[in-house]
2 protein chains.
Amino acid sequence: MVEYALNLDYIFASLADSTRRDILRRVSSQELSVGEIASPYDLTFAAISKHLKVLEKAKLIIKRRRGKEQMVRLSPQALANVDKYLEAYRRLWEERLDSLENYLKETEE
Amino acid sequence: MVEYALNLDYIFASLADSTRRDILRRVSSQELSVGEIASPYDLTFAAISKHLKVLEKAKLIIKRRRGKEQMVRLSPQALANVDKYLEAYRRLWEERLDSLENYLKETEE
DNA sequence: TGCATATTCAACCATATAGTTGAATGATAC
DNA sequence: GTATCATTCAACTATATGGTTGAATATGCA
């Protein structure tokens, strides 16, 4: 319960930064080393290392050592928790979309 | 584009606080005044007012004046954007759930 | 062992955030 | 207009966050 709430704190805080969202996107399709992750950004390795720490604390990524590199990949479970969180609200925005659709349909006629 | 990204920054940052998530939950079923929103929490009005500012900037809530009160309600659209953001990842955690299901099914046999 | 490569840690700085208190504003009621 | 109720603003404090630099650690290789 509390665990779950804390987890959402970490997950949402992680996702609130566009560099971290970009990292997530990139590791979602393939495992990358920390160096590979860092290279496109105009930031120090240490900064990227910190971003990865944040993502790791939120359990959004998993790191494993491969030789001298640390390999990083997405752990989709945390995002599934976000989806679960949204569940309670889905009906609300779908209703709104429905009424917009109806409105458009009626306007067509 | 940039607008959308900034929006996600604000939305996720808003959701990273359990008081704000609780406020969202409470205004999702009914419109509440700022005072009604504040009453269950052990925080000053000013603190709640700030939380509402954060939620408003993220377009998660809408305020309107009713007499001397400000009434607050959920604006579900911003959450629909989160759902849209998750879209790209849904396949990934569903695959994982599927393989867990298969594993359990096979273990049963 | 010693060197190079990959990554992290420690210390520090600047800015943002979450809270407080007390004054200020807006709207209604008298 | 004045008092009152509801809310916000301003100023301040403490802590968190995102970045830097330079030293430290971990692994692989000669």
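Computed from a predicted structure; not experimentally measured. Convention: sequence-line order gives letters A, B, ...; per-chain numbering from 1.
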Assert: residue with more 5' nearest nucleotide on DNA chain D, out of A:Thr19 and A:Lys68, is A:Thr19

[N] [atom2] sits how many Å from [X] [atom1], rounded?
{"X": "A:Asp9", "N": "D:dA16", "atom1": "CG", "atom2": "P", "answer": "13 Å"}
{"X": "A:Glu69", "N": "D:dA26", "atom1": "CD", "atom2": "C1'", "answer": "13 Å"}
{"X": "A:Lys50", "N": "D:dA16", "atom1": "NZ", "atom2": "P", "answer": "13 Å"}
{"X": "A:Ile48", "N": "D:dG18", "atom1": "CD1", "atom2": "C1'", "answer": "11 Å"}
{"X": "B:Arg65", "N": "D:dA6", "atom1": "CZ", "atom2": "C1'", "answer": "8 Å"}
{"X": "A:Leu52", "N": "D:dG19", "atom1": "CG", "atom2": "P", "answer": "12 Å"}
{"X": "A:Lys63", "N": "D:dT27", "atom1": "NZ", "atom2": "P", "answer": "13 Å"}
{"X": "B:Leu55", "N": "D:dT7", "atom1": "CG", "atom2": "P", "answer": "16 Å"}

Just wondering, are more than 12 heavy atoms of other shown residues or ligands nearer than 6.0 Å to CZ in B:Arg64?
yes

Looking at every strand, decide which applies to A:Arg20 at a 4.0 Å heavy-atom threshold: base, sugar-phosphate, or nothing.
sugar-phosphate

What I'd like to find out is whether the side chain of A:Val72 reaches to under 4.5 Å of the side chain of A:Ile62, using heavy atoms alone.
no

Could you check whether any side-chain heavy atom of B:Arg26 comes within less than 4.5 Å of a side-chain heavy atom of B:Pro40, counting everything from C-beta outward?
yes

Could you name each residue pair satisfying salt bridge (charged side-chain N to carboxylate O under 4.0 Å, His left out) that touches residues 40-53 of chain A, not counting sequence neighbours?
none

Write out all pairs satisfying ring-ring contact (aromatic ring centres under 6.0 Å, His included) with one or both partners inside residues 11-57 of chain A, taking only residues at least two apart or from two chains.
A:Phe12-A:Tyr85

Just jot down the salt bridge (charged side-chain N to carboxylate O under 4.0 Å, His left out) partners of B:Lys63, sequence neighbours excluded, or say none.
B:Glu56

Looking at D:dG19, I'd like to know if its phosphate oxygens (OP1 or OP2) sit under 4.0 Å from a side-chain N or O belonging to A:His51.
yes

With a 4.5 Å cut-off on side-chain heavy-atom distances among I, L, V, M, F, W and Y, is there a chain of contacts connecting A:Tyr89 to B:Leu86?
yes

Please give me every residue in residues 31-46 of chain A whose heavy atoms get under 4.0 Å of an atom in DNA chain D, ordered by residue number.
A:Leu43, A:Thr44, A:Ala46

Can you check whether A:Val54's main-chain N or O pairs, donor with acceptor, with A:Arg20's side chain at less than 3.5 Å?
no

Report the residues that fulfil side-chain contact (heavy atoms from CB on, under 4.5 Å) with A:Arg65, sequence neighbours left out, ordered by chain and then residue number.
A:Gln70

Shoot me the first and last contacting nucleotide of DNA chain C against chain A, ordered 5' to 3', at under 4.0 angstrom to non-hydrogen atoms.
C:dT5 to C:dC9

